2 protein chains.
Amino acid sequence: MYRKLPPMAALRAFEAAAQLVSFKAAAAQLHRTPSAISHQIRSLEDELGTVLFHRDAHGLRLTDAGREYYRDVHGVLEALGEATARARQGHGEDTVTISLFPSLAVRWLIPRLQAFRERWPDIEIELVSSVRRADFDGGVIDAAIRFGDGDWPGLRCDPLMIEERFPVCSPALTTGTRPLETPDDLAHAILLHNGAHPGEWDDWLAAAGIGHIAADRGPVFDASNEVLAAAANGMGVALGRTPLVESDLATGRLVEPFGQRLRSPGQYWLVAPEATADQPSLAALRAWLQEQPVSFASQSGLL
Amino acid sequence: MYRKLPPMAALRAFEAAAQLVSFKAAAAQLHRTPSAISHQIRSLEDELGTVLFHRDAHGLRLTDAGREYYRDVHGVLEALGEATARARQGHGEDTVTISLFPSLAVRWLIPRLQAFRERWPDIEIELVSSVRRADFDGGVIDAAIRFGDGDWPGLRCDPLMIEERFPVCSPALTTGTRPLETPDDLAHAILLHNGAHPGEWDDWLAAAGIGHIAADRGPVFDASNEVLAAAANGMGVALGRTPLVESDLATGRLVEPFGQRLRSPGQYWLVAPEATADQPSLAALRAWLQEQPVSFASQSGLL
DNA sequence: TGAGCGGATGAATTTAATTCATCCGGGCTG
DNA sequence: CAGCCCGGATGAATTAAATTCATCCGCTCA
């Protein structure tokens with residue numbers, strides 16, 4: 001039967017463009033370039049022999065035929081999406097269980113997961129946040145985010161991001177009578193310590209060439225989350241790590257008073273057993289993670 | 001909002017394969033190789049994580065999930081086809097859109113359409129195959145082929161052909177250790193049932209004077225295409241209907257073991273709204289259909 | 001038991017989709 | 001008013017997907 005139907009890519013491009021009345025925005029939504037949308041819609045129009053959009057000086061507008069076709073196409077894609085979701089196995093390949101540190105989960109992954117869910121609504125991400133290293137043997141954990149040198153036998157390791165360490169504190173500490181302005185001012189500040197990273201202050205102070213400040217003063221916290229919360233509350237100065245403090249820096253809860261960063265040896269990796277590393281939903285997550293912008297990259301001096 | 005949708009090629013391959021219960025036949029219908037269908041359906045199954053077809057020794061069968069997904073996909077593609085036809089320019093006098101049952105389309109009209117195209121190369125025939133009764137209100141459907149008594153108000157009805165019902169099976173069942181030779185042998189055979197025609201076996205057995213065979217044994221299928229595919233695969237004996245089994249009888253995929261046919265009350269009609277029933281291209285199609293030889297007419301006893 | 005059928009599979013090829021680089025036109029701004 | 005953004009268009013190049021080809025496999029039937 002010769003029932004000529006447009007390709008899926010063209011229908012989706014048209015649906016998005018009609019919804020947003022913008023090829024550029026449609027491209028962003030579908031993770032394509034505007035050029036791709038333009039090509040698809042052009043070829044759809046050619047194939048139909050019908051103009052779907054007016055492109056005039058005042059931008060884009062649906063034609064009457066385009067509006068009508070949009071209603072139909074939208075309904076059809078909606079129905080197809082539901083049917084396909086129904087046909088899809090529930091808890092199989094569409095659920096990815098990831099193990100990672102609680103701090104990384106809370107301060108880095110979870111804020112981004114919202115966007116991932118919008119991008120891949122059919123992929124369910126389960127987080128197992130733990131300070132213990134993930135055990136892949138049970139078959140429960142699909143992947144983990146680990147910090148290290150990427151040398152874990154039997155696991156596929158894909159690089160995610162580097163780590164930079166530098167003092168962070170509440171913005172309140174950089175103003176007032178005795179503001180933090182140079183690393184030397186740390187002599188008068190309370191240093192907040194992370195029990196999981198003993199000696200981290202020594203490392204940074206040494207790299208910054210500050211030998212005369214005692215690094216062993218101040219309270220010790222059990223986890224990064226606690227150290228950073230204390231710092232945000234103005235209790236003192238913490239040694240922040242880039243992926244973890246990214247959102248706090250972005251929202252202004254924390255500031256970086258000096259600009260001298262110390263690159264950590266090693267970096268973050270997405271690791272998964274070789275055998276299951278290529279399952280589609282994990283591959284989607286990996287690709288998505290890797291295309292995330294590294295907004296926290298050092299703007300200033302790297303030590 | 002992003003949702004993962006299968007490619008059009010995969011959907012069409014699946015639709016055709018599900019309708020015909022055969023990759024090879026689907027390939028022929030779509031002008032592709034069986035390999036292409038196999039690849040597409042395989043990748044669709046992989047993507048869904050759902051098995052859509054049982055492939056066992058006795059040939060192809062839809063799984064429950066496959067049957068459900070087929071219903072959805074078929075509806076969606078049909079709606080898309082109508083919407084696209086509506087959006088398309090030049091649905092003029094040289095295009096005729098016909099609605100008919102999928103089984104009649106696949107097993108009767110499509111095989112003949114080739115010849116029609118040669119006779120009338122300028123007339124484009126669009127098929128909308130659906131189990132729903134055609135709705136002429138939208139202006140999309142020009143005509144339909146319906147089975148019934150020809151009494152549809154407001155529609156011009158031209159008779160096409162009668163229907164005769166009789167057992168059919170794979171030629172394999174008429175040979176071997178226990179061949180089907182007389183209707184009494186049906187006692188030992190598996191009767192294949194069509195959910196759309198409950199009681200059809202009772203009717204035929206009663207007319208044939210076989211009171212002592214229980215008609216309610218055997219699997220029930222959703223559609224004529226499935227029943228006939230199962231029969232052709234040697235699964236059992238189906239109750240065939242003349243226009244539908246014509247090509248299978250001609251190619252030898254099915255045989256008629258007994259020769260006793262039951263004439264159905266009612267017949268097939270070409271129906272079209274009175275207002276547009278005489279448009280030239282539809283008139284050409286009507287004339288051509290009516291001059292088609294009725295190659296399946298009963299050669300033997302009519303009950 | 002070996003020929004034939006329908007489907008599966010992997011590599012090669014063909015075809016479609018997407019990007020890249022560039023262009024165009026109009027409105028906005030300095 | 002010139003220059004410059006901005007969004008879209010366009011054609012060639014690139015990348016990705018669909019399809020074919022060649023072959024294999026398991027089963028059935030002479």
Side-chain angles (χ1 to χ4, degrees), chain A residues 4-14 16-18 20-47 51-63 66 280 283-284 287 291, chain B residues 4-14 16-18 20-47 51-63 66 169-179 229-230 232-235 248 251-255:
Chain A
K4 188 141 177 72
L5 298 177
M8 192 59 70
L11 294 174
R12 305 192 64 170
F14 171 62
L20 298 162
V21 203
S22 157
F23 289 7
K24 187 187 157 97
Q29 183 179 314
L30 297 173
H31 303 277
R32 298 272 130 72
T33 58
S35 178
I37 309 298
S38 175
H39 279 299
Q40 285 293 355
I41 288 178
R42 163 52 85 103
S43 70
L44 182 58
E45 289 180 323
D46 286 354
E47 211 288 308
V51 178
L52 299 169
F53 288 100
H54 294 299
R55 294 111 161 137
D56 56 31
H58 306 290
L60 220 56
R61 247 169 7 95
L62 275 168
T63 61
E291 79 190 19
Chain B
K4 189 149 176 64
L5 298 177
M8 193 59 72
L11 294 175
R12 303 194 64 171
F14 171 63
L20 296 160
V21 204
S22 157
F23 288 7
K24 187 185 154 102
Q29 182 180 318
L30 297 173
H31 304 285
R32 297 270 134 60
T33 59
S35 179
I37 308 298
S38 174
H39 279 297
Q40 285 292 356
I41 288 178
R42 162 54 87 102
S43 69
L44 183 59
E45 289 180 322
D46 285 354
E47 211 286 309
V51 178
L52 299 169
F53 287 100
H54 294 299
R55 295 111 159 138
D56 56 30
H58 305 294
L60 221 56
R61 282 284 319 283
L62 276 167
T63 62
C169 62
S170 161
L173 297 195
T174 60
T175 60
T177 53
R178 196 177 257 181
N233 286 329
M235 194 179 291
D248 288 315
T251 61
R253 281 168 50 83
L254 289 175
V255 296

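Since this is a predicted model, take the numbers as computed values, not measurements. Residue numbers begin at 1 in each chain, while the letters A, B, ... track the order of the sequences.
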S.K.: If only side-chain N and O atoms of A:Arg55 are considered, is one of them under 4.0 Å from the OP1 or OP2 phosphate oxygen of D:dG8?
M.R.: no

S.K.: Please name all residues satisfying ring-ring contact (aromatic ring centres under 6.0 Å, His included) with A:Phe14, sequence neighbours left out, ordered by chain then number.
M.R.: A:Phe53, A:Tyr69

S.K.: Going by side chain to side chain donor-acceptor pair (under 3.5 Å), name the residues that satisfy it together with B:Arg55, two or more places apart in sequence or in a different chain.
M.R.: B:Glu45

S.K.: Within this structure, what is the CD-to-P distance between A:Glu47 and C:dA16, rounded to whole angstrom?
M.R.: 12 Å

S.K.: Using the side chain to side chain contact (heavy atoms under 4.5 Å, CB included) criterion, which residues pair with A:Ala26? Sequence neighbours excluded.
M.R.: A:Ala16, A:Ala17, A:Leu20, A:Ile37

S.K.: Rounding to a whole Å, what distance do you find between B:Lys24:NZ and D:dC27:P?
M.R.: 20 Å

S.K.: Expressed in angstrom and rounded to an integer, what is the separation of A:Asp46 atom CG from D:dT10 atom C1'?
M.R.: 13 Å

S.K.: Once you round it to whole Å, what is the distance between P of D:dT10 and CD of A:Glu45?
M.R.: 10 Å

S.K.: My understanding is that only residues two or more places apart in sequence, or in another chain, count here; which of them pass side chain to side chain contact (heavy atoms under 4.5 Å, CB included) with B:Ser38?
M.R.: B:Phe23

S.K.: Any chance you could measure A:Leu30, atom CG, to A:Arg12, atom CZ, to the nearest 0.5 Å?
M.R.: 6.5 Å

S.K.: If the condition is side chain to side chain contact (heavy atoms under 4.5 Å, CB included), which residues does B:Thr63 pass it with, not counting sequence neighbours?
M.R.: B:Val51, B:His54, B:Ala65

S.K.: Specify the residues of residues 34-43 of chain A, ordered by number, for which at least one heavy atom lies under 4.0 angstrom from an atom of DNA chain D.
M.R.: A:Ser35, A:Ser38, A:His39, A:Arg42

S.K.: Round to a whole Å and report the spacing from CZ of B:Arg32 to C1' of D:dA18.
M.R.: 8 Å

S.K.: Rounded to whole angstrom units, what separation is found between the CZ atom of B:Arg253 and the C1' atom of C:dG6?
M.R.: 10 Å

S.K.: Rounded to the Å, how far apart are B:His31 NE2 and D:dT20 P?
M.R.: 11 Å

S.K.: For B:Leu173 and D:dA30, give me the distance from atom CG to atom P, rounded to whole Å.
M.R.: 11 Å

